[in-house]
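Okay, structure first, notes after.
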Amino acid sequence: MKDKILEGLNPQQKAAVEHLGSPLFVSAGAGSGKTKVLTHKIAYLVKEKGLRPHRILAITFTKKAANEMLDRIVRILAIKPMWISTFHSFCVKVLREDVHKLGKLFNRSFVIYDTTDSLRVLKDILKRFNIDTKESGDARDVISKAKQSYRSSIFDYISALPYPASSYADVAEAYREALERSNAMDYDDLIYFAVELLSTNPEIRAKWQGRFDHILIDEFQDTNDIQFSLIKLLAGQSRNLFAVGDFFQCIYTWRGSRPSNIERFIREFGAREMKLEKNYRSTQRILGVANTIVSKVECRWSDKAIELYTDNEEEGDIEYKSHDDAVSESGWIARKIQRLSQHTPYSDIAILIRMTFLSRALESVFMRYNIPYSIVSGVSFYDRAEIKDLLSYLRFIANPRDAAAFERIINIPGRGIGKKAISNIRESYKDDWLQAIGDAKLTAKQRHAADAFIKTVRSYQDSVDAEPYMTLMGLVSDIGYFDHLKKEYKEDSEDRIENVSELSNVLQELEEEGKPFSEFMEDNLLASEQDKIGKENSVKILTLHAAKGLEWPVVFLPAIEEDIFPSARSLTNESALEEERRLFYVGITRAKQRLYLSSADSRMKFGQTSFMMKSRYLREIKHHF
DNA sequence: CTTAGGAAACTTTTT
DNA sequence: GTTTCCTAAG
């Protein structure tokens, strides 16, 4: 068995798998078999060292990575370890078990707010403070950054920031109260409260520390401060820590990632370092381009630079083509795909874009050429208005404290309950929105509509969790939702009704499996863009960020133009520009055999033609073509 | 007080 | 191309 686990690993990978007794950081270049090392390490610990699988904790960046790791381990071991999850979903597990020990209003059935939900709450608060709601995004960023740095008082932390950030301290406090009253947590809260729970409560900390013999962390370069704290709290005195990462694939500093956590990990845990430099993914020519880009990275980790090499003899294909405009660029891509499709499945092809709006030009051309495609980023199924409306209804029925859901649905379909009426309702709120609607001062007409709303919601309260499908069907007819769609959306109402029926199929399946509605909501909220990549035979269009950790035989990188890649916003800031370069590196290294780059001299932006300049990156790599 | 319709403003990247 | 903002009419 030992041979089977270590078989097929190169000496560097083997050393990383076999290393025991001290924390270890493995610096793993793109395509160097990082996931392989992680999975084989877990298999090795179980088979060779006799660790019990449920005592191993592995933390990944996306759910997709977690699932992939789980699949591979099941293939090697035929055992399913329990604790392979993302930072967020791990924290949800901690909180579902122990949140009541936090001494707050939260209970175990708390709901998770996505970005839209939390912005909705935040906008209300800004209005109350007489601040322009345009600032909701800024306020959210300040609050989010504050939570990520983990201070015991968010209010004090924000107050001490330089103006204008400091002006959001009261807003942050009101936001915190509002979410707690709604029994709701946003993405940052999940980690923040888990860390608070573990750091303030020694018994709970001891309990969780005692559960794991070994902790492994993937994509360490993209962890942030609070995630580092979480690892520290979970590790305790344990020396059995293992992390992998790559400075040059750090692409989330704008979201609080701290690549310096790698150095901190080595210093604070006394970790040893190893490198994986052999690439098993790409051809020599593709790696040549990647290495050129990396060699130009100017940063203080340049001593960590990894020069990737391969003994892959395949020629592969790389090409760059300049176009007059975005339409001819898309046409060129479409024709290339048509030719490739004679011997390559569509699902082996990906188009990686810097900004989501770039997908539109591609979409219209692909439709004309009959090329099956799917867009991974952008408006996903669960972001569609009609789906969010109905899920908010179900959420509200299940939890009448849910403020974001309440605000979304109270006037959908139109009940004549507008801004003024909602603010009246808010005034009579104690701990349940249904009671607030009942108590609020309303006009006779509004009262009539509001009472009907209350009656409908109450009639499903006992059935929503166990019978979400039946509830949805009843609800849609009770509130006349299809009529609402026909009235609001006219010509594309048919598509939207179709979406609702798709949702009902999903819920029907759920109901047949006997899975509760609350669990379904959680799975969808914590799913990443990557998780939505279907297995169907289609060309995938996705952002470079969403492509992290993935690979395809054929990769297109269109719109390699100044102001797009690197993006206009990064130009004023040296470290942002460095991140763009790393992102370009990530893009190139997704390709296994064929890499096609292109740019256009003009492109539609904001519905108007803009002239574009070729990206600086093209100059740097042009000797490769 | 609400709603409809047109004008203005806006798009990095997302767990 | 799309969301949100603003104003005037119901």
Side-chain angles (χ1 to χ4, degrees), chain A residues 59-66 85-92 112-116 118-119 123 132-134 136-137 140-141 144 147-148 185-191 219 222-224 226-227 250-257 352-361 363-364 376-380 383 385 411 413-424 441-443 445-446 449 487-488 522 524-532 542-549 559 563-571 573 576-577 579-580 582-584 586-587 603-608 610:
Chain A
I59 298 181
T60 61
F61 197 71
T62 63
K63 229 171 98 180
K64 168 123 184 156
S85 54
T86 64
F87 274 104
H88 290 88
S89 61
F90 174 76
C91 289
V92 170
I112 301 166
Y113 274 7
D114 69 6
T115 316
T116 321
S118 70
L119 276 177
K123 277 182 185 161
D132 193 339
T133 54
K134 277 190 193 121
S136 59
R140 212 199 104 88
D141 288 348
S144 169
K147 285 180 192 162
Q148 282 174 21
M185 297 194 193
D186 66 20
Y187 290 132
D188 296 315
D189 288 335
L190 297 175
I191 300 179
E219 308 270 19
D222 280 317
T223 56
N224 60 30
I226 195 169
Q227 288 165 342
C250 173
I251 54 175
Y252 281 99
T253 60
W254 55 272
R255 208 177 78 185
S257 297
L352 308 185
I353 52 180
R354 180 66 186 87
M355 290 173 200
T356 43
F357 84 87
L358 293 166
S359 67
R360 280 195 211 115
E363 259 186 287
S364 55
V376 179
S377 196
V379 182
S380 80
D383 284 336
N411 205 30
R415 299 188 171 84
I417 297 178
K419 277 188 215 133
K420 192 72 198 176
I422 290 175
S423 96
N424 285 341
K441 200 170 84 229
L442 296 172
T443 65
K445 220 169 150 191
Q446 290 171 331
K487 184 163 153 270
E488 281 299 304
E522 199 159 288
N524 279 301
L525 281 165
L526 296 178
S528 72
E529 290 303 323
Q530 286 188 357
D531 304 330
K532 296 166 193 162
L542 62 162
T543 66
L544 285 128
H545 283 86
K548 182 189 174 77
D563 289 0
I564 289 184
F565 207 172
S567 91
R569 294 241 184 147
S570 69
L571 297 177
N573 176 335
L577 256 175
E579 185 144 312
E580 293 286 316
R582 295 195 296 266
L583 192 56
F584 192 54
V586 168
R603 151 180 330 273
M604 293 292 271
K605 266 168 121 182
F606 302 109
Q608 284 205 314
S610 315

For A:Y252 and A:F61, I'd like to know if the aromatic rings sit close, meaning centre-to-centre distance below 6.0 Å. yes
Proximity to the side chain of [X] - top-ranked nucleotide from [options]:
X	options	answer
A:M355	B:dT14, B:dT13, B:dT15	B:dT13
A:K134	C:dC5, B:dT14, B:dT15	C:dC5
A:H545	C:dT2, B:dT15, B:dT14	B:dT14

In this structure, how many angstroms lie between the [atom2] atom of [N] and the [atom1] atom of [X], rounded?
X	N	atom1	atom2	answer
A:F357	B:dT13	CZ	C1'	13 Å
A:N224	B:dT13	CG	P	20 Å
A:R603	C:dG1	CZ	C1'	15 Å
A:N573	B:dT13	CG	C1'	14 Å
A:M604	B:dC10	CE	C1'	15 Å
A:L583	B:dT14	CG	C1'	13 Å
A:R140	B:dT15	CZ	C1'	10 Å
A:Q148	B:dT14	CD	C1'	11 Å

Side-chain N or O of [X] less than 4.0 angstrom from OP1 or OP2 on [N]?
X	N	answer
A:T356	B:dT13	yes
A:Q446	B:dT2	yes
A:N411	B:dT3	yes
A:S89	B:dT15	no

Examine A:K605 relative to A:F357 and say whether NZ or CZ is less than 6.0 Å from the centre of the six-membered ring and inside a 45° cone about the ring axis. no
Sugar-phosphate, base or nothing in reach of A:F61, heavy atoms under 4.0 Å: sugar-phosphate
Categorize A:A568 for me: base, sugar-phosphate, or nothing, with a 4.0 angstrom heavy-atom threshold over every strand shown. nothing
May I ask you to decide whether A:E579 forms a salt bridge with A:R582, counting only side-chain N to carboxylate O separations under 4.0 Å? yes
Test: A:R255 and A:D222 ion pair at under 4.0 Å: no
Note: for A:I251 and A:R415 on DNA chain B, the residue whose nearest nucleotide lies more 5' is A:R415
If each of A:G414 and A:A576 is mapped to the nucleotide of DNA chain B with the nearest heavy atom, which maps nearer the 5' terminus, i.e. the 5' end? A:G414
Does any non-hydrogen side-chain atom of A:S257 lie less than 4.5 Å from one of A:N224? no
Base of B:dT13 and ring of A:W254 stacked, centres under 5.5 Å, planes under 30°: yes
